[in-house]
Amino acid sequence: MKKRHPMVDTLINLKGNPKVCVLTEPLWGIPYNLYLPYASIYMHSLGLGDVQIGIITSIGLVFQILFTLLSGAITDKLGRKKTTFIFDIIAWSIPCLIWAFAKNFTYFLIAAIINSVHRVTANSWMCLMVEDAQERKVSTYLFLGAYFRINSRFFCTYCRSICGKV
């Protein structure tokens with residue numbers, strides 16, 4: 001009998017929060033990597049200049065730092081699952097709606113600030129990932145999450161090359 005690859009074996013034997021975190025990671029990673037490379041092109045096509053796009057990105061990064069600093073307290077107050085649920089919805093649903101109907105600099109700036117809330121989710125998600133994990137397997141679980149994120153980038157690149165040929 002052929003022995004399974006250790007990573008496949010680990011994926012099959014995951015339990016609890018780590019399993020849910022690893023299996024749902026592509027649901028975020030693939031769409032994110034499909035739209036992100038085109039965000040600045042989209043802004044440019046709606047009339048924003050390079051300086052305005054840079055300002056939006058810079059202000060977004062400043063707010064990401066702020067929300068990263070607040071994320072531990074928020075996660076402790078609300079709990080890991082609740083924080084992940086609430087702040088994922090805020091960080092992605094609202095900005096995507098704003099981006100879809102954006103007409104100028106202000107729309108993109110507001111969306112970038114609201115999207116910066118995803119740093120709270122990054123903390124709570126990581127806590128969920130390691131919460132139920134066996135101590136010796138934490139690095140394996142984190143590797144699996146990174147593996148799916150990296151492969152989602154390759155998947156997106158592959159999809160773009162196919163779509164470009166149609």
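Scope of the values below: all heavy atoms of this structure, side chains included, with no hydrogens, waters or symmetry mates.
Shortest non-hydrogen contact noted between W99 and A111 is NE1-CB, 3.1 Å. Of all heavy-atom pairs spanning H44 and I53, the tightest one is N-CD1, 4.0 Å.
The closest side-chain heavy-atom distance from V62 to L66 is not below 4.5 Å. Looking at heavy atoms from C-beta onward, T121 lies out of side-chain contact with F85 at the 4.5 angstrom threshold. Annotation: side chain of H118 is in contact with side chain of Q64 (closest heavy-atom distance under 4.5 Å).
For the salt bridge (charged side-chain N to carboxylate O under 4.0 Å, His left out) condition, no pair includes a residue of residues 82-109, sequence neighbours left out.
To the nearest 0.5 Å, atom OG1 of residue T75 and atom NZ of residue K77 are 13.0 Å apart.
Residues satisfying the side-chain contact (heavy atoms from CB on, under 4.5 Å) test with I65, not counting sequence neighbours, are L69. Applying the side-chain contact (heavy atoms from CB on, under 4.5 Å) criterion to I113, with sequence neighbours excluded, gives I59, F63, L109. In terms of the side-chain contact (heavy atoms from CB on, under 4.5 Å) criterion, residue partners of I110 (sequence neighbours excluded) are, by chain and number, I98, T106, I114. S71 pairs by the side-chain contact (heavy atoms from CB on, under 4.5 Å) definition with V120, N123, not counting sequence neighbours. The ring pair (Phe, Tyr, Trp, His ring centres under 6.0 Å) check on Y42 picks up F108, with sequence neighbours excluded.
Under the 3.5 Å distance criterion, the side-chain polar atoms of N115 are left unmatched by any main-chain donor or acceptor of P95. Under the 3.5 Å distance criterion, the side-chain polar atoms of T68 are left unmatched by any main-chain donor or acceptor of R119.
L61 is not connected to L70 by any chain of hydrophobic side-chain contacts under 4.5 Å among Ile, Leu, Val, Met, Phe, Trp and Tyr, and they are in different clusters. With hydrophobic clusters built from ILVMFWY side chains whose heavy atoms lie under 4.5 angstrom apart, V20 does not share a cluster with L128.
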- [ ] Kindly determine whether S124 and T84 satisfy side-chain hydrogen bond (donor to acceptor under 3.5 Å, both in side chains), including the steps that lead there.
- [x] CA-CA 6 Å; S124 64; T84 302; 2.7 Å; yes
